[in-house]
**Q** 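Dropping a structure here in structure tokens format, bear with me for questions.
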Number of protein chains: 2
Amino acid sequence: MRQPAGRSARRTGGERKPREERWAELIEVATQVFYEKGYEAASLQDIADRLGMLKGSLYYYIQSKEDLLFDVISAVHREGLSVIQARADTEGDPLQRLENVIVGHVEHTCRNLVPTTVFLHELSALPPERRQEVLGSEHAYQGVFRGLIELAQKEGLVRADVDPRLAALSVLGATNWVYRWFRPGGEFTPEKIGAQMAEMVIRGIASEKVLSARVAGQA
Amino acid sequence: MRQPAGRSARRTGGERKPREERWAELIEVATQVFYEKGYEAASLQDIADRLGMLKGSLYYYIQSKEDLLFDVISAVHREGLSVIQARADTEGDPLQRLENVIVGHVEHTCRNLVPTTVFLHELSALPPERRQEVLGSEHAYQGVFRGLIELAQKEGLVRADVDPRLAALSVLGATNWVYRWFRPGGEFTPEKIGAQMAEMVIRGIASEKVLSARVAGQA
DNA sequence: CCTACCGATCGGTAGG
DNA sequence: CCTACCGATCGGTAGG
């Protein structure tokens with residue numbers, strides 16, 4: 001995040017790692033510890049122990065425990081957002097793109113279960129300003145879903161009585177909730193979950209026009 | 001929970017309340033404090049202060065901080081479950097009952113936002129055995145949704161390619177997520193949220209048969 | 001002055 | 001319920 005330029009001094013043990021590598025390890029370990037214990041219950045001692053470092057030495061890398069949480073959360077949010085934005089910008093009608101976004105979001109969640117869990121569960125542990133800094137004042141994530149639904153509605157692909165914001169929040173709920181029950185190697189693969197959720201959602205909001213076209217297309 | 005018979009010692013202020021009443025106040029205050037700060041970040045000192053009591057005196061009522069969390073969580077879970085079970089057992093076809101359950105669940109969540117938030121957010125702070133004690137080994141909550149979907153599927157009201165467990169988890173996700181964004185007095189009423197979510201879900205999983213009957217019924 | 005930490009301890013607070 | 005505390009550990013910082 002900030003630390004000084006790595007002007008390597010005399011090395012003592014020979015095992016000293018470059019600061020960028022060590023920083024990456026720190027973030028990885030912090031993510032894991034926050035996942036296992038929750039942010040508040042996790043101690044810097046836990047993290048330092050796993051790194052083979054003394055607790056106080058963490059302050060060479062950070063200024064506060066909160067810095068670690070912020071970093072974990074903003075990284076996974078940034079990645080997830082870029083995944084769904086890329087899929088939202090593909091070709092196809094807005095409903096096809098929404099389907100694509102849902103699948104991508106679910107698969108990203110399943111494949112990044114640990115950091116995603118920290119993001120979704122510990123976001124509330126950040127002070128409001130930093131929380132907003134992560135999410136963006138426009139709620140970028142929610143906006144991608146809502147934007148596609150609004151577009152689809154204007155094109156007559158979504159029923160007129162659907163509220164796009166409420167629909168977006170429903171979709172986000174169903175898909176985000178996956179972090180609470182998905183287990184790798186379990187009954188459901190990320191692909192299966194993504195596909196069924198997308199299907200449910202599209203059918204749930206689609207206009208008659210779209211539905212009859214679907215039936216015709218499948219028959 | 002267990003505490004000794006109210007052997008009133010010397011009364012100083014003359015304002016001593018009966019222990020049951022005081023217990024209810026304690027649970028209410030604890031719920032609020034856990035809601036505001038999160039369970040781990042909340043201290044017994046916070047709770048004692050709001051009750052006008054010393055921290056150590058809380059141990060006249062409880063044996064551990066965890067007891068308070070367990071009580072808050074199991075109470076709201078029990079109430080919510082009874083709401084949806086009652087609605088699941090009404091008359092009508094399974095799909096109509098599912099709709100009824102969804103509406104009831106959403107409305108209960110919105111009207112009990114504080115304890116529900118503690119339940120959904122802090123369940124993971126309970127040790128596994130007590131967590132299981134609350135949820136039941138059969139996952140009673142999820143089971144109500146899944147059971148109705150399975151029944152509806154057997155009657156041909158739900159598409160054959162829908163996995164009832166995945167569908168139940170999707171519905172629970174969309175509806176539970178409400179605790180993250182619902183604000184009393186905001187744009188959406190509990191009724192509106194419940195109604196639209198139920199509509200989306202039913203259309204999302206219903207068979208062609210049901211959908212064409214719906215269209216005919218509304219026309 | 002710097003890097004890369006260490007050993008020790010700060011003021012407070014946790015559950016009990 | 002209060003008074004008077006405990007063992008330990010919390011996040012964070014000191015000088016070297």
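Order of the sequence lines fixes the chain letters, A, B, ..., with proteins taken first and strands second; residue numbering starts at 1 for each chain.
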**Q** Which atom pairs link the protein and nucleotides 8-12 of chain D when you take only N or O atoms and keep those under 3.5 Å?
**A**
unit_1, atom_1, unit_2, atom_2, d
dC10(D), OP1, S43(A), OG, 3.3
dG11(D), OP1, A42(A), O, 3.1
dG11(D), OP1, K65(A), NZ, 2.9
dG11(D), OP2, L44(A), N, 3.1
dG11(D), N7, K55(A), NZ, 3.0
dG11(D), O6, K55(A), NZ, 3.1
dG12(D), OP2, Y59(A), OH, 2.8
dG12(D), OP2, K65(A), N, 2.7
dG12(D), O5', Y59(A), OH, 3.2
dG12(D), O6, K55(A), NZ, 3.2

**Q** If you define the side chain from C-beta out and look only at heavy atoms, does anything of T31(B) sit under 4.5 Å from V76(B)?
**A** no
**Q** For DNA chain C, what residues of residues 26-33 of chain B have any heavy atom nearer than 4.0 Å?
**A** none
**Q** Is a donor on one side and an acceptor on the other found under 3.5 Å between the side chain of R97(A) and the backbone of A88(A)?
**A** yes
**Q** Output yes when a side-chain donor or acceptor of Q196(A) lies under 3.5 Å from a complementary backbone atom of I193(A), and no otherwise.
**A** no
**Q** Does Y60(A) put a side-chain nitrogen or oxygen below 4.0 Å from OP1 or OP2 of dC5(C)?
**A** no
**Q** Sub-3.5 Å donor-acceptor pair from the side chain of D71(A) to the main-chain atoms of L68(A), do we have one?
**A** no
**Q** Quantified in whole Å, what is the P atom distance between nucleotide dG12(C) and nucleotide dA8(D)?
**A** 22 Å
**Q** Should the pair Y179(B) and W177(B) be assigned to parallel (<30°), tilted (30 to 60°) or perpendicular (>60°) ring geometry?
**A** perpendicular
**Q** Please round to the nearest 0.5 Å and tell me the distance separating atom NE2 of H105(A) and atom CZ of R87(A).
**A** 12.0 Å
**Q** Would you check if the side chain of R131(B) reaches a backbone N or O of L126(B) as a donor-acceptor pair within less than 3.5 Å?
**A** yes
**Q** Expressed in angstrom and rounded to an integer, what is the separation of L58(B) atom CG from dT13(C) atom P?
**A** 17 Å
**Q** Starting at atom CG of L54(B), determine the distance to atom P of dT13(C), rounded to an integer number of angstrom.
**A** 15 Å
**Q** Can K65(A) be said to sit on top of Y39(A)'s aromatic six-ring, NZ or CZ under 6.0 Å from centre and within 45° of the ring axis?
**A** yes
**Q** Do side-chain atoms of D163(A) reach the backbone of L166(A) as a donor and acceptor pair under 3.5 angstrom?
**A** yes
**Q** Quick one: pull up OG1 in T116(B) and CD in E79(B) and give me the separation to the nearest 0.5 Å.
**A** 8.5 Å
**Q** Can any side-chain N or O of R146(A) pair as donor or acceptor with the backbone N or O of P164(A) at less than 3.5 Å?
**A** no
**Q** Sticking with atom P, work out how far dA4(D) lies from dG16(C), rounded to a whole angstrom.
**A** 22 Å
**Q** Let me check I have this right: for DNA chain D, each base becomes ., (, ), [, ] or |, based on Watson-Crick or G-U pairs with both distances under 3.5 Å. What is the full string?
**A** ....||.|..|...|.
